[in-house]
Protein chains: 2
Amino acid sequence: MSDKTLRADAERSVRAILEAAEHVLAVDPGASMEQIAAEAGVARTTIHRRFANRQALTDALATSAARQLIKAIDDGRPDTAPPLVAMHRITANVLEVKSAWAFALALPAEPDSEASLLQRDINDRCALTLRRAQNDGLIDEKADLDWVRRVYYALIGESLHGNAEGADSDTLAARIIDTLLHGAGPRPSRSAP
Amino acid sequence: MSDKTLRADAERSVRAILEAAEHVLAVDPGASMEQIAAEAGVARTTIHRRFANRQALTDALATSAARQLIKAIDDGRPDTAPPLVAMHRITANVLEVKSAWAFALALPAEPDSEASLLQRDINDRCALTLRRAQNDGLIDEKADLDWVRRVYYALIGESLHGNAEGADSDTLAARIIDTLLHGAGPRPSRSAP
DNA sequence: ACTAATTGCATCACCTGTGTTGCAGGTTTC
DNA sequence: GAAACCTGCAACACAGGTGATGCAATTAGT
């Protein structure tokens with residue numbers, strides 16, 4: 001939770017710490033608080049003042065990232081836009097957030113933590129959007145939606161790994177949706193109805 | 001490398017240590033040597049006798065796992081069997097190995113290590129098999145084979161995550177190949193040629 | 001401007017993991 | 001069966017991270 005009204009500079013510190021933690025831990029998950037503090041431009045004791053221990057820090061990190069992910073999904077209007085449009089927009093947004101918070105979002109959710117609640121929320125929204133896509137005929141009616149969702153997640157994750165070329169999110173999103181729906185098999189020559 | 005002729009009991013120890021390391025580190029990548037030793041039923045000093053430090057241990061772990069993965073691929077006769085058959089067999093074999101050595105195979109390859117050489121070998125064989133599949137018309141001729149390979153890897157990884165139901169490798173492999181080639185979109189009702 | 005909050009710094013005690021050594025006793029190998 | 005090898009155990013030194021504290025200096029809020 002964002003605690004009681006924190007003073008402006010304190011809030012800046014917390015943000016800096018969370019961002020530093022993401023960057024440092026993404027490279028070395030076993031990095032010390034000292035390293036995180038250095039990256040954040042902050043004294044190690046300041047981290048301990050805000051976060052009692054490593055667990056508290058990673059919890060906050062996971063929660064913060066999950067919140068941003070939810071915002072990214074909501075920005076895609078999953079409930080009102082046509083499924084295909086929503087999926088594309090959501091995918092592009094999620095790619096942005098996930099590339100910025102890769103470590104935080106890969107963090108194993110502590111049971112009963114806020115982050116795990118948010119994760120479930122995210123899964124539900126995703127499942128819902130996929131169901132809408134299925135009702136629209138975009139997804140085969142016999143498909144196992146849970147598997148489809150997992151494949152979707154996997155494609156997003158894989159897109160982030162090898163993106164050294166720096167392709168923009170829209171391009172990546174298009175490829176993800178295309179692969180998710182059509183796979184890699186031969187296409188009927190684009191001539192139909 | 002498997003060192004000079006190790007005495008039989010010593011070789012047993014090494015195996016036990018590697019397996020213990022896999023199990024323990026898969027749960028907690030930061031686990032101590034002590035924990036690994038306990039799981040292996042061995043004294044901590046014995047680990048240090050065989051592996052100078054943590055790095056040496058994980059290197060050996062990665063190499064050992066990569067070797068088994070290569071064997072799993074070779075057992076699928078990637079060069080002689082029809083591509084679809086080969087892909088299915090290879091996928092099933094790889095699933096077995098990957099589920100047993102998930103941590104070891106997820107290990108970031110040290111540059112110039114033997115494991116990284118093996119990894120490249122694995123990638124090459126995979127790429128080759130995919131090319132054969134493409135030449136056979138299983139994969140669209142315009143498809144980006146590197147992306148296809150990455151998707152394939154991602155599908156394998158995802159299949160391993162949520163396999164609490166304990167589905168057998170053949171079933172999982174079938175789903176992977178099917179999704180890879182056809183995606184989740186609507187299928188033409190099975191009637192034509 | 002005054003107050004309260006926040007921070008950096010120096011310092012401390014403490015714990016955990018690491019890597020090494022020596023030796024006695026058990027196991028392989030030939 | 002003898003030699004060579006391997007292992008467990010105990011002990012040690014050492015490095016490094018952790019969490020806490022007190023204080024002076026800075027900064028935000030009103």
Side-chain angles (χ1 to χ4, degrees), chain A residues 1-64 103-104 107-108 110 113, chain B residues 1-64 103-104 107-108 110 113:
Chain A
M1 279 277 167
S2 306
D3 278 331
K4 309 198 166 188
T5 39
L6 224 44
R7 224 175 70 174
D9 51 352
E11 197 147 357
R12 248 178 294 142
S13 291
V14 172
R15 282 181 175 277
I17 291 170
L18 289 179
E19 286 174 16
E22 163 65 34
H23 292 145
V24 172
L25 295 179
V27 174
D28 174 17
S32 70
M33 296 297 206
E34 191 79 49
Q35 291 173 265
I36 299 174
E39 171 85 11
V42 148
R44 182 175 63 91
T45 44
T46 300
I47 297 189
H48 278 123
R49 267 189 272 264
R50 298 294 160 210
F51 307 100
N53 48 39
R54 195 186 197 77
Q55 185 67 43
L57 173 58
T58 52
D59 280 357
L61 193 56
T63 305
S64 157
F103 173 82
L107 230 39
E110 290 297 307
S113 66
Chain B
M1 277 281 163
S2 306
D3 277 331
K4 310 200 167 189
T5 39
L6 226 44
R7 225 176 69 177
D9 50 354
E11 196 147 359
R12 249 178 293 140
S13 292
V14 171
R15 282 181 173 277
I17 291 169
L18 290 179
E19 286 175 15
E22 163 65 33
H23 293 146
V24 172
L25 295 179
V27 175
D28 173 15
S32 69
M33 297 295 206
E34 190 80 48
Q35 290 173 264
I36 298 174
E39 171 85 11
V42 149
R44 182 176 63 91
T45 45
T46 299
I47 297 188
H48 279 120
R49 266 188 271 263
R50 299 294 161 210
F51 308 99
N53 48 39
R54 195 188 197 76
Q55 184 68 42
L57 174 57
T58 52
D59 280 357
L61 193 56
T63 304
S64 157
F103 173 82
L107 228 38
E110 289 297 307
S113 65

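Labels below follow one simple rule: chain letters A, B, ... track the order of the sequence lines, proteins then strands, and each chain is numbered from 1. Worth knowing before you read on, the calculation uses all heavy atoms, side chains too, and leaves out hydrogens, waters and symmetry mates.
Residues B:Leu6 and B:Arg50 approach most closely at CD1-NH1, 4.0 Å, considering heavy atoms. Across all non-hydrogen atoms, the minimal contact from B:Val24 to B:Ala31 is CG1-CB, 3.4 Å.
Between B:Arg12 atom CZ and D:dC6 atom P the separation is 12 Å, expressed in whole Å. When rounded to the nearest whole Å, the span between CG of B:Leu6 and C1' of D:dC6 equals 9 Å.
Counting only heavy atoms from C-beta outward, the side chains of A:Leu61 and A:Phe103 approach each other to under 4.5 Å. Side chains of A:Glu22 and A:Leu18 form no contact here, defined as non-hydrogen atoms less than 4.5 Å apart.
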Next item on the list: Let me have a per-nucleotide readout for nucleotides 13-26 of chain D, 5' to 3', with B, S or -, counting only protein heavy atoms under 4.0 Å.
Entry: ----SBBBB-----
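If you check every strand for non-hydrogen atoms under 4.0 Å, B:Gly30 touches nothing.
The footprint of chain A on DNA chain C, defined by a heavy-atom cutoff below 4.0 Å, extends from C:dA4 to C:dA10.
Between the side chain of A:Thr58 and the backbone N or O of A:Arg54 there is at least one donor-acceptor pair closer than 3.5 Å. Without hydrogens or angle criteria, A:Glu19 side chain to A:Ala16 main chain gives no donor-acceptor distance under 3.5 Å. At least one donor-acceptor pair under 3.5 Å links the side chain of A:Gln35 to the backbone N or O of A:Ser32.
One distance of note links CD of B:Glu34 with CD of B:Glu39; it measures 13.0 Å at 0.5 Å rounding. Summarising the geometry, atom NE2 belonging to A:His48 is positioned 9.5 Å from atom CG belonging to A:Leu57; distances are rounded to the nearest 0.5 Å.
Within residues 18-26 of chain A, no residue approaches DNA chain C, by heavy-atom distance under 4.0 Å.
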Check: Checking side-chain contact (heavy atoms from CB on, under 4.5 Å) for the pair B:Leu25/B:Leu107: CA distance, chi angles, key distance, verdict?
Finding: CA-CA 11 Å; B:Leu25 295 179; B:Leu107 228 38; over 6 Å; no
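The phosphate of D:dC6 (OP1 or OP2) has no side-chain N or O of B:Thr46 nearer than 4.0 angstrom.
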